[in-house]
Amino acid sequence: LCLLCIEVFAQKTERPDYTHYLKKGSKAVNVQLGIAGGYPFGSVTALDISDENKYYGLLVLPSYGSFVKKNFMIGASAILGFTNYQYSSLDYSSSVSQPPVKRDYKTNYTDFGIAPFARYYVQLSRRNVVNIFLQGSLPVFYSSVEETITPAPVPGSTWYRYNFARQGWN
């Protein structure tokens with residue numbers, strides 16, 4: 001038994017050119033995941049679940065833009081995010097007569113809003129294969145933080161918290 005295989009490869013002699021994407025009238029739709037939390041948003045894309053703590057969330061930033069000139073886009077991004085953080089700790093009172101109390105802490109972050117932007121693309125090659133862009137944005141958003149402590153500490157008392165998840169004092 002004899003098998004004969006012949007392969008034929010075709011290759012364009014022209015290299016692709018992507019410069020038409022940055023011309024006036026072109027549109028762009030993007031979705032970003034916010035993986036770095038902190039100011040201005042409390043939400044972050046994260047997943048960390050263990051015996052000591054639970055930390056999960058999602059920060060999504062979809063955007064839409066239109067090129068008004070070559071390499072210059074105007075558009076807007078939406079801000080949609082939530083994060084949940086739960087852990088337990090052993091709290092010690094400053095009063096010697098009080099025994100330590102195990103407390104459960106739960107914190108929820110919620111963010112939503114809109115961010116109009118102007119973006120200028122800098123072409124790094126003639127064929128426009130790789131670009132970087134400079135962007136200015138003015139976000140308008142709502143952010144909330146809600147913390148629940150169970151059982152609640154006695155008002156006016158001083159407690160020192162031992163965080164099991166971080167293995168340290170707060």
Is there a chain of hydrophobic side chains (I, L, V, M, F, W, Y, each step under 4.5 Å between heavy atoms) that links [X] to [Y]?
| X | Y | value |
| --- | --- | --- |
| Y55 | Y87 | yes |
| V145 | F112 | no |
| V122 | F72 | yes |

- Could you give me the CA-CA distance, side-chain angles and deciding distance for Y85 and K54, then say whether side-chain contact (heavy atoms from CB on, under 4.5 Å) is met? CA-CA 6 Å; Y85 181 49; K54 294 178 184 171; over 6 Å; no
Least distance between heavy atoms, [X] atom then [Y] atom:
| X | Y | answer |
| --- | --- | --- |
| A115 | I79 | CB-CD1, 4.4 Å |
| M73 | A28 | CE-CB, 3.4 Å |
| D104 | S88 | OD1-OG, 2.6 Å |
| F117 | A76 | CE2-N, 3.3 Å |

Approximate separation, where rounding is to 0.5 Å, of [X] [atom1] and [Y] [atom2]:
| X | Y | atom1 | atom2 | answer |
| --- | --- | --- | --- | --- |
| K69 | I74 | NZ | CD1 | 10.5 Å |
| N30 | S77 | CG | OG | 8.0 Å |
| I149 | K106 | CD1 | NZ | 13.5 Å |
| D111 | L80 | CG | CG | 9.5 Å |
| K23 | N71 | NZ | CG | 10.5 Å |
| K70 | Y120 | NZ | OH | 8.0 Å |

Is there side-chain contact between [X] and [Y], with at least one heavy-atom pair below 4.5 Å?
| X | Y | value |
| --- | --- | --- |
| R119 | L134 | no |
| N108 | T83 | no |
| F82 | Y56 | yes |
| Y109 | S143 | no |

- Centroid-centroid distance, F67 to Y121, less than 6.0 Å: yes
- Query: Are I114 and F141 close enough, and set up right, to give a side-chain contact (heavy atoms from CB on, under 4.5 Å), and what steps lead you there?
  - Reply: CA-CA 6 Å; I114 189 164; F141 62 95; over 6 Å; no
- Tell me yes or no: between the side chains of N84 and Q86, is some donor less than 3.5 Å from an acceptor?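 There is such a pair between these side chains.
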- Query: Where the side chain of S137 meets the backbone of P116, is there a donor-acceptor pair that is under 3.5 Å apart?
  - Reply: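 Pair found, side chain donor or acceptor close to backbone of P116.
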